[in-house]
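Take a look at the structure below.
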Amino acid sequence: MNAQSSLDAKILEDVADALIFSDRAGVIVRWNRASSILFGFSAEETVGRNLDIIIPDHLRAAHWKGFHAAVTAGTMKLAGRPTLTRALHKSGRKLYIEMTFALVRGIDDEVLGSVAMARDVTERVERERAAKAHAAAPQNT
């Protein structure tokens with residue numbers, strides 16, 4: 001491994017956001033330390049497995065439809081735009097996460113897979129929903 005690729009690997013491993021790279025079939029190839037913290041699975045538990053490990057059942061059909069369309073067409077509707085979605089923790093707990101996605105291309109411009117960056121926004125979303133519910137509730141005076 002040359003110095004640049006070693007540095008690149010170190011940066012990817014140490015960023016604060018979860019970074020997940022999956023190949024064209026949706027098989028996890030790269031899972032950084034922040035992914036382990038966010039989702040509860042180690043890299044050893046996820047690399048080589050399908051993305052379904054972190055996708056709630058009710059979202060899987062829509063996810064795979066969009067994933068395969070993006071990989072086939074070479075474009076993504078959500079590329080670079082943060083998207084709020086749900087994800088699964090190893091414990092079974094559902095998380096609210098904010099994700100950004102991008103297609104990864106090889107030297108010949110062929111789509112090699114997809115990379116996602118994610119962060120946990122569960123506390124923020126729950127706080128906002130509680131405040132909204134409180135504001136909407138009838139006030140006793």
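What you see below is based on every heavy atom in this structure, not just the backbone, and it leaves out hydrogens, waters and symmetry mates.
When all heavy atoms of K90 and G40 are compared, the pair lying nearest together is CD-O, 3.2 Å. Of all heavy-atom pairs spanning I97 and A87, the tightest one is CD1-CB, 3.5 Å. Minimum interatomic distance between F101 and A116 (heavy atoms only, all atoms of both residues): CD2-CB, 3.8 Å. In terms of heavy-atom proximity, L38 sits nearest to A18 at CD2-CB, 3.8 Å. Residues F67 and S114 come closest through the heavy atom pair CE1-CB, 3.8 Å.
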Stepwise side chain to side chain contact (heavy atoms under 4.5 Å, CB included) test for L12 and F21: CA-CA 11 Å; L12 295 176; F21 172 70; over 6 Å; no
Candidate pair V15 and M117, rule side chain to side chain contact (heavy atoms under 4.5 Å, CB included), full reasoning: CA-CA 10 Å; V15 294; M117 296 285 288; 4.2 Å; yes
Audit row: T100, T83, side chain to side chain contact (heavy atoms under 4.5 Å, CB included) steps and yes/no: CA-CA 6 Å; T100 56; T83 303; over 6 Å; no
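When atom types are taken as modelled, the side chain of T72 and the backbone of A69 share no donor-acceptor pair closer than 3.5 angstrom. Judged purely by atom type and a 3.5 angstrom limit, E45 uses its side chain to pair as donor or acceptor with the backbone of S42. At distances below 3.5 Å, at least one donor-acceptor pair connects side-chain atoms of S35 with backbone N or O atoms of L19. Put simply, the side chain of D23 gets close to the backbone of G26: a donor and an acceptor are under 3.5 Å apart. Between the side chain of D14 and the backbone N or O of A9, no donor-acceptor pair lies under 3.5 Å. Checking side-chain atoms of S36 against main-chain N and O of F41 turns up a donor-acceptor pair under 3.5 Å.
Distance check, rounded to the nearest 0.5 Å: NE2 of H63 to CD1 of I55 gives 4.0 Å. To the nearest 0.5 angstrom, R119 atom CZ is 14.5 Å from L95 atom CG. Once rounded to the nearest 0.5 Å, the distance linking NZ of K10 with CG of N32 reads 11.5 Å. With rounding to the nearest 0.5 Å, the separation of CZ in R49 from CD1 in I54 is 11.0 Å.
Looking at heavy atoms from C-beta onward, I28 lies out of side-chain contact with N50 at the 4.5 angstrom threshold. By the 4.5 Å heavy-atom criterion applied to side chains, M99 and T85 are counted as neighbours. Looking at heavy atoms from C-beta onward, V27 lies out of side-chain contact with S22 at the 4.5 angstrom threshold.
Taking the centre of each ring, W31 and F39 come in below the 6.0 Å mark.
For L88, the side chain to side chain contact (heavy atoms under 4.5 Å, CB included) criterion is met by P56, R60, K94, not counting sequence neighbours.
Both tests hold for R86 against Y96: distance to the six-membered ring centre under 6.0 Å, angle to the ring axis within 45°.
A salt bridge links E128 to R124: at least one charged side-chain nitrogen sits closer than 4.0 Å to a carboxylate oxygen. Between E98 and R81 there is no salt bridge, since no side-chain N of the basic residue sits under 4.0 Å from a carboxylate O of the acidic one.
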Residues 102-111 side chain polar contacts: donor-acceptor under 3.5 Å, at least two apart:
unit_1 : atom_1 : unit_2 : atom_2 : d
R105   : NH1    : D109   : O      : 3.1
R105   : NH2    : G74    : O      : 2.3
D108   : OD1    : E110   : N      : 3.0

